[in-house]
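Structure, as structure tokens:
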Amino acid sequence: MNGLQEWAMTICITLAGAALFSMLVPNSGMKKVATFSINLFLLTSLIYPIITSPPEFNFSVISEQPEENEELNQLIDQQVDRQAEIMLEQNCKQLFEENGTKIDQIKISINRTEEIPSVEVSVWADSSLQSKRMEMEQLIQNQLGVVPQIIYTD
């Protein structure tokens, strides 16, 4: 940080000196040469600290970020999966209602433990709907492409 302060101070002093010197140069044929010299001096004073002591880069911070990114990606995946589960549950409930089938509960789980995510569907329905088992399975299979587990309650 000290080097940065010295560099800023050098720039300020150089700018002040260049401004003073450029005001003292008469408007003659030498004005272009003087302006070029002043600009070259300013450019040199800007670059000199970088050339004499190049900045040190700490790449350890960059190597730590993938771990943080992996945790963030996992958290995002979990949240996306949960939102997808909720929306699919709502869609399936609505599908059953439109079909005139009253179910107690539906639970959809998205599992990412394997390379390809799998979907598990569990439907809780009253035992009086056992005769509609095939129809209920067909509804879910058409909607999600998965054969549901149907659990009957009393």
Side-chain angles (χ1 to χ4, degrees), residues 1-19 22 35-154:
M1 190 62 143
N2 193 23
L4 187 61
Q5 288 176 340
E6 289 177 13
W7 185 49
M9 182 65 101
T10 303
I11 298 294
C12 290
I13 292 170
T14 304
L15 285 172
S22 66
T35 304
F36 176 75
S37 300
I38 292 169
N39 289 338
L40 184 62
F41 181 69
L42 285 172
L43 186 61
T44 304
S45 66
L46 284 171
I47 296 174
Y48 182 74
I50 296 172
I51 293 172
T52 57
S53 59
E56 295 178 15
F57 295 106
N58 185 0
F59 292 106
S60 65
V61 175
I62 295 172
S63 66
E64 292 172 4
Q65 287 180 346
E67 295 168 2
E68 293 173 9
N69 289 342
E70 185 64 31
E71 290 175 19
L72 182 61
N73 286 340
Q74 288 176 353
L75 182 61
I76 291 171
D77 286 344
Q78 289 172 355
Q79 290 177 350
V80 167
D81 288 349
R82 185 62 198 134
Q83 286 299 319
E85 290 169 356
I86 290 169
M87 291 183 67
L88 287 172
E89 287 171 6
Q90 290 172 349
N91 288 344
C92 288
K93 282 180 186 178
Q94 184 178 3
L95 184 67
F96 278 119
E97 287 174 7
E98 289 171 359
N99 197 33
T101 306
K102 174 88 170 86
I103 60 169
D104 296 334
Q105 182 182 359
I106 186 165
K107 176 70 177 151
I108 297 176
S109 300
I110 299 174
N111 300 323
R112 288 186 181 258
T113 54
E114 301 167 10
E115 192 171 309
I116 299 174
S118 63
V119 178
E120 295 177 2
V121 180
S122 300
V123 177
W124 285 266
D126 190 68
S127 58
S128 63
L129 296 174
Q130 286 184 357
S131 61
K132 292 189 170 187
R133 179 183 188 95
M134 294 296 288
E135 185 180 332
M136 291 173 18
E137 286 179 353
Q138 193 64 35
L139 278 174
I140 295 293
Q141 194 166 8
N142 289 343
Q143 183 75 14
L144 302 177
V146 176
V147 176
Q149 176 187 8
I150 298 178
I151 303 165
Y152 294 105
T153 59
D154 293 329

Would you mind reporting whether [Y] and [X] have side-chain heavy atoms less than 4.5 Å apart?
{"X": "Asp126", "Y": "Lys102", "value": "no"}
{"X": "Lys93", "Y": "Ile103", "value": "yes"}
{"X": "Gln79", "Y": "Leu75", "value": "yes"}
{"X": "Pro148", "Y": "Ile106", "value": "no"}

Considering all heavy atoms of both residues, which atom of [X] and which atom of [Y] are nearest to each other, and what is their separation?
{"X": "Ala125", "Y": "Asp104", "value": "C-OD2, 3.8 Å"}
{"X": "Leu144", "Y": "Val121", "value": "CD1-CG2, 3.6 Å"}
{"X": "Gln143", "Y": "Asn91", "value": "NE2-CB, 4.3 Å"}
{"X": "Trp124", "Y": "Thr153", "value": "CD1-CG2, 4.0 Å"}
{"X": "Ile108", "Y": "Val119", "value": "CG2-CG1, 3.8 Å"}

Carboxylate-amine/guanidinium contact Arg133 Glu137, below 4.0 Å: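 Between Glu137 and Arg133 there is a salt bridge, with a charged N closer than 4.0 Å to a carboxylate O.
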
Just how far is it from atom [atom1] of [X] to atom [atom2] of [Y], taken to the nearest 0.5 Å?
{"X": "Cys92", "Y": "Met87", "atom1": "SG", "atom2": "CE", "value": "11.5 Å"}
{"X": "Leu139", "Y": "Met136", "atom1": "CG", "atom2": "CE", "value": "8.5 Å"}
{"X": "Asn73", "Y": "Glu71", "atom1": "CG", "atom2": "CD", "value": "10.5 Å"}
{"X": "Gln105", "Y": "Glu89", "atom1": "CD", "atom2": "CD", "value": "8.0 Å"}
{"X": "Leu15", "Y": "Thr10", "atom1": "CG", "atom2": "OG1", "value": "11.0 Å"}
{"X": "Ile140", "Y": "Ile150", "atom1": "CD1", "atom2": "CD1", "value": "8.0 Å"}

More than 12 heavy atoms from other groups under 6.0 Å of CZ on Phe41: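 It does not: Phe41 CZ has 12 such atoms or fewer within range.
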
Polar side-chain atom of Asn99 near backbone of Thr101 as donor-acceptor pair, under 3.5 Å: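 Answer holds: no.
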
